[in-house]
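Take a look at the structure below.
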Amino acid sequence: LSGLRDPFFDVFNQPSPESSCELRSTSTVAPQAFTLFNAEASYRRALALATSVREATKSQDGAIREVFLRTLGRSPTDAELQACSAHWKAMTARHGKLRFERAVSLKEVDREAVEENTGEKFRYVEPLEMAADFVADLAPADCTAEGRGLAEVCLVLFNANEFLTVE
Amino acid sequence: VRQPGTSIDAFLNRRLNDIGLSPAPLADRRTLLRRITFDLTGLPPSPEEIAAFSNDPDSDDKAFAKIVDRLLASPHYGERMAQHWLDATRYADSSGYANDYERGTAWRYRDYVVRSFNEDKPYDRFVREQLAGDEIDPQNPEALIAVCFLRMGPWELTGMEVAKVARQRFLDDVTDSVGQTFLAHPLQCARCHIGARCTSSN
């Protein structure tokens, strides 16, 4: 939307649709790191990867290897495997103590407005067409503590330096 | 100094020699595949694709050429490349300004751009369709979608504005965006001035 741009894209140099952009600017600023680590969008992608990987693998080490393969395209070193296992375990313990509420998705909204020519107030119920067949990303409330724990490991790998390009 | 792989390397090597630097070692196939896949599709390669390329017995050049062909044929290639054009044409899913009404079908134009890249549409046809698709081929839905380019900008019509004035404002926006997108020159000056001597902008 023009007036409400996705802050995630905004911080990564998506141009405003107000004027034509022939070349995106490039920047390296701290808010990018904060966003990639803390944005809900990042964590939702991490949850999706963790869930998909856990369905495809049987052991904990196997799951971590698969996460490495899918994100970085390589196997983890022994040290990386150990560090990730420890992080998964610690995060699972932490997530065991957290509770997440399921978000309610609106199917319609109450609108109040003023007729521009007469000044008359009116209201109507607007059905949200896009909400009708909207499939939401996996949310924390949909996952077990162990799944959310692996998502924390995925999140670390999304933020790995191996995704950086030096030009 | 490394043996030149392509003709560009000869120039790079000469300059590196001049400033006393030696070139970095060649990237391995996994790294190369990640770079080219991010460049052309914006996505990481799958583990299967990495294994296939790493184990390809063909020479580096030949194996790499096959990878580029596969990526150019991927539907994600058009999605990645469309981003550049949609930036230039000011694509948005709403009309901007205070009301910022939803443009619920703007995605049809976005998908038209994606399809155009994936079909390797010649640039002259791509330009013509977006400027005058409705005149050239009025029966063809694809041509009608293409002209949505002309009204991608932020437009707002309120009950307080005289409709004829607003129409002129929208036409000015169309003129200006055609200039910005295709001629690398804003044409806001055309709002008041006529003629080739106009050099001002903004």
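Computed from a prediction, not measured in an experiment: that's the story for all the values here. Only this structure's heavy atoms are used, side chains among them; waters, hydrogens and symmetry mates stay out. Chain naming here is simple, since letters A, B, ... match the order of the sequence lines and numbering starts at 1 in each.
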Can you tell me if CD on A/Glu162 sees more than 12 non-hydrogen neighbours from other groups inside 6.0 Å? yes
For A/Leu98, is the CG atom crowded, meaning more than 12 foreign heavy atoms sit under 6.0 Å from it? yes
Region of A/Glu115 in contact with chain B, defined by heavy-atom distances below 4.5 Å: neither
Should we say atom CG of A/Asp78 is surrounded by more than 12 heavy atoms from elsewhere, each under 6.0 Å from it? no
Does A/Glu126, at its CD atom, have more than 12 non-hydrogen atoms belonging to other residues, nucleotides or ligands within less than 6.0 Å? yes
Highest number of heavy-atom pairs under 4.5 Å with chain A: which of B/Arg103, B/Met152, B/Arg90? B/Arg90
For A/Arg5, is the CZ atom crowded, meaning more than 12 foreign heavy atoms sit under 6.0 Å from it? yes
Residues A/Pro17 and B/Pro154: closest non-hydrogen pair is O-CD, 4.2 Å
A/Ser19, part contacting chain B, at a heavy-atom distance under 4.5 Å: backbone
With a 4.5 Å cut-off on side-chain heavy atoms, are B/Arg34 and A/Leu72 touching? yes
Backbone N or O of B/Gly159 within a donor-acceptor pair of the A/Glu116 side chain at under 3.5 Å? yes
Would you say CG of B/Asp124 has more than 12 non-hydrogen atoms from neighbouring residues, nucleotides or ligands within 6.0 angstrom? yes
Given a strict heavy-atom distance threshold of 4.5 Å, which part of A/Thr165 is in contact with chain B: side chain, backbone, both, or neither? neither
Using non-hydrogen atoms only, which part of A/Glu22 is less than 4.5 Å away from chain B: side chain, backbone, both, or neither? neither
If you tally heavy-atom pairs under 4.5 Å between each of B/Ala88, B/Ala184, B/Gly153, B/Ala106 and chain A, the highest tally belongs to B/Ala88
Name the region of B/Glu102, side chain, backbone, both or neither, that has any atom closer than 4.5 Å to a heavy atom of chain A. side chain
Structural part of B/Thr31 lying under 4.5 Å from a heavy atom of chain A: neither
Could you look at A/Arg24 and say if it's the side chain, the backbone, both or neither that has a heavy atom under 4.5 Å from chain B? side chain
Examine whether an atom of B/Asp100 lies under 4.5 Å from a heavy atom of chain A, and if so say whether it belongs to the side chain, the backbone or both; otherwise answer neither. side chain
Taking all heavy atoms of B/Ile50 and all of A/Gly73, pick out the closest pair and write down the distance. CD1-CA, 3.3 Å
Please check if the number of heavy atoms outside A/Phe163 that lie under 6.0 Å from its CZ is greater than 12. yes
Heavy-atom neighbours of B/Tyr123 OH exceed 12 at 6.0 Å: yes
